[in-house]
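Submitted below is the structure of interest, expressed as structure tokens.
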Amino acid sequence: LVGRIGFLHQRLGDLDNAQARFSSAKQLYEQIGDVWGIVNSLGSLADIKRLQDKPDEEMNLYRQILTIAEGKPLGDFVGRAKNNMGVRLMQTGFLRDAQQLLKEADELCRRKHFRELHEDVVRNVERVQRLIEAHKPAAMDFADLIRELHELGDFYPEAKESILMFWYY
């Protein structure tokens, strides 16, 4: 019930009260040894940190989920944590790390038949792949490009101004 109240605060945009409720719920679940409740509360807290744009704290909460869920039948939480971690890494420019986590989430979803989550994971795998392809290194470094530009200008002195204008655009 405390977690549900936290969710309502979150929906209303009251993130501080939502965080307090999710933390209380986590403590209650810890007292009774409910692992599902603990990781669910951690996921809710991570979502709050995402909304507050606190990526380090968000990632730490996902790591806690992965640690607690290891070896337990909590694959859906593992898949969500890896997907969300991949998205956060993608947003911060760590594309290869994001790709690895998203591939792991994809494999888990395929193996465990998490259809709803899998749709989201597949979209994110495709998105990170497009970003990686868009960020391929240039064929030449800048110094080589400038050197080639000067060589073209020297070889075609009558077209030097045209070459420079073309190069700028």
Side-chain angles (χ1 to χ4, degrees), residues 1-139 141:
L1 183 61
V2 177
R4 303 284 276 174
I5 293 170
F7 179 71
L8 291 173
H9 280 289
Q10 181 180 350
R11 297 284 293 184
L12 294 171
D14 186 359
L15 300 181
D16 292 334
N17 272 325
Q19 181 175 337
R21 298 301 180 262
F22 293 139
S23 292
S24 295
K26 179 182 166 280
Q27 290 174 350
L28 291 171
Y29 288 126
E30 287 172 337
Q31 289 173 2
I32 62 172
D34 184 340
V35 178
W36 186 93
I38 294 168
V39 295
N40 189 48
S41 297
L42 287 169
S44 297
L45 287 166
D47 196 37
I48 295 296
K49 296 303 178 185
R50 178 186 58 80
L51 294 169
Q52 293 174 332
D53 197 29
K54 296 181 178 179
D56 292 337
E57 293 177 44
E58 176 189 1
M59 294 295 279
N60 184 46
L61 290 163
Y62 290 134
R63 285 186 204 96
Q64 288 179 47
I65 290 171
L66 295 178
T67 299
I68 292 169
E70 191 172 333
K72 296 176 180 71
L74 298 168
D76 52 335
F77 287 105
V78 171
R80 286 187 196 290
K82 287 185 177 193
N83 180 59
N84 293 344
M85 289 174 82
V87 169
R88 178 53 89 170
L89 288 170
M90 192 179 354
Q91 292 168 341
T92 54
F94 295 95
L95 300 179
R96 296 289 178 194
D97 294 334
Q99 183 182 42
Q100 178 61 39
L101 281 167
L102 291 167
K103 283 183 177 181
E104 291 172 15
D106 181 48
E107 174 58 32
L108 178 66
C109 288
R110 286 178 197 277
R111 197 172 62 247
K112 299 287 187 175
H113 306 288
F114 298 141
R115 287 181 183 86
E116 184 178 318
L117 175 59
H118 195 226
E119 292 174 10
D120 193 33
V121 170
V122 167
R123 278 192 299 276
N124 290 325
V125 167
E126 291 169 354
R127 196 166 127 216
V128 77
Q129 187 60 41
R130 284 192 306 271
L131 287 170
I132 287 170
E133 289 172 7
H135 288 92
K136 287 186 177 177
D141 71 0

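Keep in mind it's a predicted model, so treat the numbers as computed, not measured.
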Residues G79 and A105: closest non-hydrogen pair is O-CB, 3.8 Å
For the student: nearest non-hydrogen atoms of L108 and G75, plus distance
CD2-O, 3.2 Å
Would you say that more than 12 heavy atoms from the other residues, nucleotides or ligands in this model lie under 6.0 Å from the CD of E133, or not?
yes
Can L66 and K82 be said to form a side chain to side chain contact (heavy atoms under 4.5 Å, CB included), step by step?
CA-CA 8 Å; L66 295 178; K82 287 185 177 193; 4.1 Å; yes
Centroid-centroid distance, F77 to W36, less than 6.0 Å:
yes
Rounded to the nearest 0.5 Å, how far does CZ of R96 lie from CG of L131?
11.0 Å
Do you know the tightest heavy-atom contact between V121 and C109?
CG2-SG, 4.1 Å
Ion pair D56/R88, N-O distance below 4.0 Å:
no
Between D76 and R80, does any NZ, NE, NH1 or NH2 come within less than 4.0 Å of an OD or OE carboxylate oxygen?
no
Heavy-atom check, side chain of L95 versus side chain of Q99, under 4.5 Å:
no
How many angstroms lie between OH in Y62 and CG in L45, if you round to the nearest 0.5 Å?
10.5 Å
If you look at every heavy atom in G86 and L101, which pair is closest and at what distance?
N-CD1, 4.2 Å
Measure the NZ-NZ distance between K49 and K54 for me, rounded to the nearest 0.5 Å.
4.5 Å
Is there side-chain contact between N84 and R50, with heavy atoms separated by less than 4.5 Å?
no
Charged N to carboxylate O below 4.0 Å: is that the case for E30 and K26?
yes
Between atom CG of D106 and atom CZ of F114, what is the distance when rounded to the nearest 0.5 Å?
13.0 Å
Closest contact, heavy atoms only, V125 versus V128
O-CG1, 3.3 Å
Rounded to the nearest 0.5 Å, how far does CZ of R115 lie from CG of L117?
12.5 Å
Go through the steps for E104 and E107 under the test side chain to side chain contact (heavy atoms under 4.5 Å, CB included), then give the verdict.
CA-CA 5 Å; E104 291 172 15; E107 174 58 32; 5.8 Å; no
Could you report the tightest heavy-atom contact between A18 and G6, atom names first, then the distance?
CB-O, 3.3 Å
Hey, are D120 and R123 close enough for a salt bridge, meaning a charged N less than 4.0 Å from a carboxylate O?
yes
How far does CG of L102 sit from CE of M85, to the nearest 0.5 angstrom?
10.5 Å
Considering residues, nucleotides and ligands other than R11, do more than 12 of their heavy atoms fall under 6.0 Å from its CZ?
no
Under the side chain to side chain donor-acceptor pair (under 3.5 Å) rule, what do Q27 and Q31 come out as? Steps first, then yes or no, please.
CA-CA 6 Å; Q27 290 174 350; Q31 289 173 2; 5.9 Å; no
Heavy-atom side-chain proximity of Q52 to Q19 below 4.5 angstrom:
yes
Candidate list L61, T67, D47, test side-chain contact (heavy atoms from CB on, under 4.5 Å), partner L42, passing option
L61
